[in-house]
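What follows is a single structure, written as C-alpha cells, with notes after it.
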Amino acid sequence: RQALEEMRALYERNQADVSEAKSGRTDLIFLIRFRHCCLLRNQRCVLAYLYDRLLRIRALRWEYGSVLPNTIQFHMSAEEVEWFNQYKKSLATYMRSVGGEEGLDLTQDIKPPKSLYIEVRCLRDYGEFEIDDGTTVLLKKNSQHFLPRWKCEQLIRQGVLEHILS
C-alpha cells in the first residue's frame with residue numbers, strides 16, 4: 001500500500017510537471033524522467049512481491065491440501081483466497097483427467113515413499129477412518145496404527161497423525 005501511495009504521488013507530480021514542461025519549462029524534463037524511472041522501479045518491486053505471494057499460495061495447496069487452516073486464510077486477501085480456490089479447482093480438474101476412471105492424486109506422494117505402509121500415532125481424536133479394503137480404523141488420541149502411506153499423508157499434513165520413525 002505504501003508503494004502504491006508513493007507511485008500515485010509520483011504520478012500526480014509528474015502530470016503537473018508535464019503540463020508545465022509543455023508550456024516551455026524544459027528544465028523539468030530530467031525530473032520527470034527521474035520520477036518515471038522511480039515509478040517503473042516501484043512497479044517492478046510490487047509485481048515481484050505479488051508474484052512471490054502467488055508462488056507461496058500455490059505451495060500451500062500442495063502442503064495443506066484443498067482446505068487451508070483459518071490461521072493462514074486470515075492473512076490472505078479476498079483476491080488471494082479466490083486465486084487459491086481457482087487453482088484448487090484447476091488442479092482437481094487436471095488430476096481427474098489423468099489416471100483413468102478414478103484420476104490420479106498428484107498431491108499424495110510429494111517425496112518418493114520408502115515403504116507402502118507406515119506406523120503412525122494419532123495426535124487428536126479423529127473418529128473412524130476407512131481404508132480401501134473396507135477396514136475401518138478408529139483414530140483416537142495417542143493410538144498407534146500401521147496404515148498405507150498414501151491414505152495417511154493428508155492426515156499427517158493436517159496434523160491429525162504423526163509418522164513414527166523407528
Side-chain angles (χ1 to χ4, degrees), residues 1-114 118 120-126 141 149-165:
R1 289 185 186 140
Q2 188 178 12
L4 290 176
E5 288 299 321
E6 181 183 331
M7 288 174 70
R8 195 171 290 122
L10 286 171
Y11 180 77
E12 288 170 1
R13 279 189 262 158
N14 258 8
Q15 287 296 91
D17 286 350
V18 164
S19 61
E20 284 188 42
K22 284 182 180 178
S23 65
R25 286 196 58 195
T26 57
D27 60 322
L28 294 175
I29 292 176
F30 295 109
L31 185 59
I32 293 169
R33 285 185 180 166
F34 177 73
R35 282 193 200 123
H36 185 71
C37 289
C38 291
L39 281 168
L40 292 176
R41 179 197 172 275
N42 286 358
Q43 180 185 24
R44 285 192 310 271
C45 290
V46 168
L47 288 174
Y49 171 76
L50 291 174
Y51 183 68
D52 182 62
R53 281 193 65 95
L54 181 119
L55 292 178
R56 289 173 190 249
I57 293 168
R58 185 176 69 181
L60 289 173
R61 168 58 181 95
W62 292 87
E63 184 177 342
Y64 288 100
S66 60
V67 179
L68 288 177
N70 289 334
T71 56
I72 292 176
Q73 262 190 348
F74 176 75
H75 295 288
M76 293 170 61
S77 69
E79 291 81 11
E80 289 172 335
V81 171
E82 181 181 339
W83 188 90
F84 176 82
N85 289 331
Q86 289 297 324
Y87 180 72
K88 175 177 68 172
K89 288 177 187 174
S90 296
L91 184 61
T93 302
Y94 175 74
M95 288 190 300
R96 277 193 305 272
S97 70
V98 296
E101 293 176 14
E102 297 176 11
L104 178 64
D105 190 359
L106 299 174
T107 63
Q108 283 299 321
D109 292 320
I110 294 178
K111 294 179 184 172
K114 293 182 180 178
I118 58 172
V120 292
R121 177 181 299 120
C122 193
L123 299 175
R124 62 178 187 224
D125 289 338
Y126 183 77
K141 187 174 181 174
R149 174 184 292 275
W150 68 275
K151 290 292 280 185
C152 299
E153 281 194 347
Q154 192 72 26
L155 292 176
I156 291 171
R157 278 189 238 130
Q158 291 174 0
V160 175
L161 297 175
E162 173 187 42
H163 184 190
I164 301 172
L165 300 172

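Glu82 CD: 12 or fewer foreign heavy atoms inside a 6.0 Å radius. Annotation for His36: atom NE2 does not count as buried by contact number, only 12 or fewer foreign heavy atoms lying within 6.0 Å.
Remark: Cys45 SG to Leu40 CG distance equals 11.0 Å, nearest 0.5 Å. Atom CG of residue Leu28 and atom CZ of residue Phe34 lie 14.5 Å apart, to the nearest 0.5 angstrom. Here CD of Glu63 is found 7.0 Å from CD1 of Ile72. Values are rounded to the nearest 0.5 Å. Note that CE of Met95 and OG of Ser97 are 10.0 Å apart. Values are rounded to the nearest 0.5 Å. Note: Gln73 CD to Leu68 CG = 5.5 Å, rounded to the nearest 0.5 Å. Put simply, CG on Asp27 and CD1 on Ile32 are 9.0 Å apart, with the number rounded to the nearest 0.5 Å.
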Per-pair distances, 0.1 Å, donor-acceptor, side chain in residues 51-60, under 3.5 Å, sequence neighbours excluded:
unit_1: Asp52; atom_1: OD2; unit_2: Arg56; atom_2: NE; d: 2.8
unit_1: Asp52; atom_1: OD2; unit_2: Arg56; atom_2: NH2; d: 3.4
unit_1: Arg53; atom_1: NE; unit_2: Glu80; atom_2: OE2; d: 2.5
unit_1: Arg53; atom_1: NH2; unit_2: His75; atom_2: O; d: 3.2
unit_1: Arg53; atom_1: NH2; unit_2: Glu80; atom_2: OE1; d: 2.8
unit_1: Arg53; atom_1: NH2; unit_2: Glu80; atom_2: OE2; d: 3.2

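Side-chain contact between Gln2 and Glu5 is absent, with no heavy-atom pair separated by less than 4.5 Å. A 4.5 Å side-chain heavy-atom check between Val120 and Leu155 finds every atom pair outside the cut-off. Considering only heavy atoms from C-beta on, Tyr94 comes within 4.5 Å of Val98 through its side chain. In this structure, Tyr126 and Leu161 have side chains that are not in contact, with every pair of non-hydrogen atoms separated by 4.5 Å or more. Residues Gln43 and Leu39 fail the side-chain proximity criterion, which asks for heavy atoms closer than 4.5 Å. Using a 4.5 Å cut-off on side-chain heavy atoms (C-beta onward), Arg44 and Arg41 make contact.
A search for ring pair (Phe, Tyr, Trp, His ring centres under 6.0 Å) contacts involving Tyr87 returns Trp83, not counting sequence neighbours. Taking the salt bridge (Lys or Arg N to Asp or Glu O under 4.0 Å) definition, one finds that Arg35 meets it with Asp17, sequence neighbours left out. With sequence neighbours excluded, the residues that form a salt bridge (Lys or Arg N to Asp or Glu O under 4.0 Å) with Arg121 are Glu162. With sequence neighbours left out, Glu79 forms a salt bridge (Lys or Arg N to Asp or Glu O under 4.0 Å) with no residue at all. Not counting sequence neighbours, Arg13 has no partner by the salt bridge (Lys or Arg N to Asp or Glu O under 4.0 Å) test.
Closest heavy-atom contact between Phe84 and Ser66: CE2-O, 3.7 Å. Contact record, Ala3 with Asn42: O-ND2, 4.3 Å, taken as the closest heavy-atom pair.
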